[in-house]
Q: 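Just passing along the structure, written as C-alpha cells.
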Amino acid sequence: MKTVLITGTSSGYGLETARHFHAQGWTVIATMRTPREDLLPMSHRIRILPLDVTRPESIDAAIRAAGSIDVLVNNAGIGVVGAFEATPMAHIRKVFETNTFGVMAMVQAVIPQMRARRSGVIVNVTSSVTLAPHPLAAAYTASKQAIEGFTGSLAHELGSFGVQAKLV
C-alpha cells in the first residue's frame, strides 16, 4: 500500500487531496498546524499529525512519525493580499517561510528515504497567480513563482535517483 504525506490538510486543496488519496486506497498522513480529527473519516489508513513547515523540529517529528513516504504533497501555504508597499516585511517573510522555505525544508526531509529506495514523487502546489500578473498579490506571487523554478531544477537533480518532482 502506498503512503502519501500531505501538508496543510486543514482546509481547501489539502483537505480534498487527503480525501481523494484515501478514496483511492492510499495510506494518508494528513498534517496540519493544529490537528483536527473531525475533518477526515475515521480510518486505519488515515493518520493526522501536527506539522508546522516553518519549524525544523516539527518537520523532523512528522517525518519520523510518518515512516516510509511514497509521495509528498507540499500544499501548506498562507496568502497575502494588499498593496505591496503597505505590507509589513515581517508578514512577507512569514509568507516566504511557509510557501517557499517550508516547501524546501519538507523536500530536504524526504529526499534521503526516496533516494535510498530509488522511488518517490514530490508534488509542489503552486497557484494560478503565477500564470499572469495580478494586482495586490506581489509577495504571494513571488513566493509561488520561486517554487516553480525550484521544482523544475529539483526534477533534474532527482530524476537520476528515480525520484520525480512535479508542480500542480
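Everything numeric in this text was worked out from a predicted model, so none of it was measured.
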Q: With a 4.5 Å cut-off on side-chain heavy atoms, are Tyr140 and Val81 touching?
A: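 Val81 does not reach Tyr140 side chain to side chain.
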
Q: Got a donor-acceptor contact below 3.5 angstrom from the Lys144 side chain to the Ala139 backbone?
A: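 Absent.
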
Q: By salt bridge (Lys or Arg N to Asp or Glu O under 4.0 Å), which residues pair with Glu37, not counting sequence neighbours?
A: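 Partners of Glu37 by the salt bridge (Lys or Arg N to Asp or Glu O under 4.0 Å) criterion come out as none, since no residue qualifies.
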
Q: Distance alone, cut at 3.5 Å: any donor-acceptor contact between the side chains of Asn99 and Ser143?
A: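 Indeed, the side chains of Asn99 and Ser143 share at least one donor-acceptor pair under 3.5 Å.
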
Q: Just jot down the side chain to side chain contact (heavy atoms under 4.5 Å, CB included) partners of Ser43, sequence neighbours excluded, or say none.
A: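 Residues passing side chain to side chain contact (heavy atoms under 4.5 Å, CB included) with Ser43: His22, Arg45, Ile46.
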
Q: Are any side-chain N or O atoms of Gln164 and backbone N or O atoms of Ala155, one a donor and one an acceptor, separated by less than 3.5 Å?
A: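 It does not hold such a pair.
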
Q: Between Thr7 and Asn75, do the side chains contain a donor N or O and an acceptor N or O under 3.5 Å apart?
A: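 The criterion, which ignores hydrogens and geometry beyond distance, is not satisfied for Thr7 and Asn75.
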
Q: Tell me every residue that passes side-chain hydrogen bond (donor to acceptor under 3.5 Å, both in side chains) with Glu97, counting only those two or more places apart in sequence or in another chain.
A: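 For Glu97 there are no side-chain hydrogen bond (donor to acceptor under 3.5 Å, both in side chains) partners, ignoring immediate neighbours.
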
Q: Check the surroundings of atom CZ in Phe96: do more than 12 heavy atoms from other residues, nucleotides or ligands lie under 6.0 Å from it?
A: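 Yes, enclosed.
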
Q: Just wondering, more than 12 heavy atoms not from Gln108 lying within 6.0 Å of its CD?
A: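 No, not enclosed.
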
Q: Under the 3.5 angstrom rule, does the side chain of Asp70 hit a backbone N or O of Thr3 as a donor-acceptor pair?
A: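 Confirmed, Asp70 side chain pairs with Thr3 backbone.
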
Q: With side chain to side chain donor-acceptor pair (under 3.5 Å) as the test, would you mind laying out the steps for Thr27 and Arg47 before giving the verdict?
A: CA-CA 8 Å; Thr27 296; Arg47 290 181 30 219; over 6 Å; no

Q: Would you find a donor on one side and an acceptor on the other, under 3.5 Å apart, between the side chain of Thr9 and the backbone of Ala18?
A: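 No; judged by distance alone, with no hydrogens or angles, the pair does not exist.
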
Q: Check each of Ile78, Thr87, Thr100 against Val95 using the side chain to side chain contact (heavy atoms under 4.5 Å, CB included) test, and report the only one that passes.
A: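 Output: one option passes, namely Ile78.
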
Q: Cut-off 3.5 Å, side chains only: do Ser58 and Arg33 have a donor facing an acceptor?
A: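 The criterion, which ignores hydrogens and geometry beyond distance, is not satisfied for Arg33 and Ser58.
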
